[in-house]
Amino acid sequence: MTDIIQLLPDNIANQIAAGEVIQRPSSAVKELLENAVDAGATEIKLIITDSGKASVTVIDNGKGMSETDARMAFERHATSKISNIEDLFRIKTMGFRGEALASIAAVAQVELKTKQSTETLGTFIEIENSRVLKQEACAAPNGTSISMKNLFFNVPARRNFLKSDTVEFHHIEDTFIHVAIAHPEVSFKLLHNEEVHYNLQSTNLKRRITDVLGKNAENRIFPIACETDIVTIEGYIGKPETAKKTRGNQQFYVNTRFFKSSYFNHAIQTAFEGLIPDKTHPIYFIFLTVDPSRIDVNIHPTKTEIKFEEERFIYSILHSTIRESLGKFNLTPSLDFELETAFDLPAGFEKKPVVEPTIKVDPNFNPFQPFEKPKIHQGSSSSDRGVDPKYQNARPQDWAAFYAINEEPEAPVLMESALSLNLDDLVMVGKYAICSYPNNALLIDTKRAAERVL
Ligand code: ADP
Ligand code: MG
């Protein structure tokens, strides 16, 4: 019998290993951005061409590498971040597996320029197919710049798996956003085919999220916070009306690492139950801080799946924190401080005698009885004018109070009652419609009413 087992050459072994870590341009983007963050950079620039298929460059102003480290960085299992197995459970850095640069260099053409601030010269390395083509001293700014060109140039089968430029750019954008939101103190820039897509200045979490979400985002999200011995939860969630049919902007982070979790997503989705329509998804950016020894980050090569020791406890805390915040920030009527605060005085009030207001108390009122909504009929008889007899004598201020308590959801009900009025009674004055209403007049701002109904 002849022996048939042989050791694979390094470049083939690296190419196979790369299959787990680098699936598409955005995987390389994630690894390079995270390396820049781990290097303590305060400014990170991502420059891509043709959705990363032609090139991906990450430039940082971090601590840089020595000449030997620059060469070592491309070896498989070469890392400065852990040195023994216990370190795996004290992880504070984004990387630790020491395989990203080795993988990238196995499936792309790579150029590295790096310089430490204590040195006058930096190091330049050109590497492709896991082979170093050039290494020399060079002038360079402090920090590191890594360019990856022609991803999968030597693995055509995998290059064929890449999707359209639009799809690949989307993946890159998502990855960029995940890293940028996790590190608001770092400024990030993204250029695609020489066009600036993001230019995010160093800031706080809320600003970073709103910078990413775009205009008016500040009024569409509100904070959540909860601290327990096991987990600290912070972050922002979108108001119910911002829920979308698609699942964009649903982000979990643990110890500043983005991760995916359908289990925790369920905790949030159910917390929103009854507040958002079926099959819509709320926006959230949730940051969990837990003792690194209580999670396992190393269950997936891309580290986007995390195992939590107290998964069920965190689920419940998350659920109740969101419920509480929804109650606190969403259901209480919002106060608009920009409105004129002076009282509205009725016309001709000076001539009227001052009457001391009387307070009527309803002895049968029971605060523990659920509030019954006014029932609106579709005006069958002209006498009731479409209003439940119970509310025949309702005064406009009752409606106003009712409207204020139930602002968004009940406004259409009020409108519905207005719409059920006899249209012959309706008089248009500019943008207002005026009509008689049981014992009163109803003034409708038609534009706002139409908006509310919609
Ligand atoms: P890991 O991040 O898991 O350690 P990588 O292959 O991504 O593995 O990187 C290998 C090593 O190269 C890192 O541990 C780090 O010491 C060094 N390195 C990589 N990128 C940078 C960078 N941008 N700045 C400074 N050092 C870097
Ligand atoms: Mg890394």
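Every number for a ligand or one of its atoms is a count from 1 in the order of the listing.
- The two residues Lys115 and Thr120 come nearest to each other via the heavy atoms CD-O, 3.8 Å.
- Taking 4.0 Å as the cut-off between side-chain N and carboxylate O, Glu241 and Lys239 do not count as a salt-bridged pair.
- If you look at Asp60 next to ligand 1, the close heavy atoms, those under 4.0 Å, all belong to the side chain.
- Side chains of Thr304 and Thr302: a donor-acceptor N/O pair is present below 3.5 angstrom, by distance only.
- Considering backbone and side-chain atoms together, Phe96 places an N or O closer than 3.5 Å to an N or O of ligand 1.
- At the top of the distance list for atom 16 (O) of ligand 1, counting protein heavy atoms only, stands Ser80 OG, 2.5 Å.
- Partner of Val58 under the side chain to side chain contact (heavy atoms under 4.5 Å, CB included) criterion, out of Asn35, Val29, Leu33, Ile48: Leu33 alone.
- Ionic pairing of Glu86 and Arg90 is not present here: no N-O contact between side-chain nitrogen and carboxylate oxygen is shorter than 4.0 angstrom.
- At the top of the distance list for atom 4 (O) of ligand 1, counting protein heavy atoms only, stands Thr79 OG1, 2.5 Å.
- When only non-hydrogen protein atoms are considered, atom 22 (C) of ligand 1 lies nearest to Thr144 OG1, 3.8 Å.
- Ligand 1 has at least one atom lying under 4.0 Å from a heavy atom of Arg97.
- Note that the CG atom of Asp69 and the CZ atom of Phe74 stand 12.0 Å from one another [nearest 0.5 Å].
- For ligand 1 and Ala100, the ligand atoms under 4.0 Å from any heavy atom of the residue are 6 (O), 7 (O).
- For the Mg ion (ligand 2), protein N/O/S neighbours under 2.8 Å (waters excluded) are Asn35 OD1.
- For atom 25 (C) of ligand 1, the nearest non-hydrogen atom of the protein is Ala39 CB, 3.6 Å.
- With hydrogens left out, the protein atom closest to atom 6 (O) of ligand 1 is Leu101 N, 2.9 Å, a heavy atom.
- Among the atoms of Lys81, some N or O lies under 3.5 angstrom from an N or O of ligand 1.
- Of the candidates Ala36, Ala105, Ala78, it is Ala78 that places a heavy atom closest to atom 10 (C) of ligand 1.
- Here CG of Leu200 is found 8.5 Å from CD1 of Ile181. Values are rounded to the nearest 0.5 Å.
- With rounding to the nearest 0.5 angstrom, the CG atom of Asn61 is 11.0 Å from the NZ atom of Lys45.
- Defined by atom type and a distance below 3.5 Å, a donor-acceptor pair is present between the side-chain atoms of Gln109 and Asn150.
- The nearest heavy-atom contact from the protein to atom 12 (O) of ligand 1 is Ala73 CB, 3.4 Å.
- Interatomic distance, CG of Leu32 versus CD1 of Ile59, reported as 11.5 Å (0.5 Å rounding).
- Exactly one residue among Phe258, Phe259, Phe287 makes a ring pair (Phe, Tyr, Trp, His ring centres under 6.0 Å) with Phe252. That residue is Phe259.
- Using 4.0 Å as the threshold, Gly98 has a heavy atom nearer than that to some atom of ligand 1.
- Taking a 6.0 Å sphere around CD of Glu194, one finds it holds 12 or fewer heavy atoms contributed by other residues, nucleotides or ligands.
- Residue Met65 places a heavy atom less than 4.0 Å from ligand 1.
- Only one option out of Lys303, Arg97, Lys307 pairs with Asn298 in a side chain to side chain donor-acceptor pair (under 3.5 Å); it is Arg97.
- Under a 4.0 Å criterion applied to the non-hydrogen atoms of Gly95, ligand 1 contributes the atoms 2 (O), 3 (O).
- Cation-pi contact between Lys328 and Phe222: absent, since separation from the ring centre below 6.0 Å together with deviation from the ring axis within 45° is not met.
- For atom 19 (C) of ligand 1, the nearest non-hydrogen atom of the protein is Asn35 ND2, 3.5 Å.
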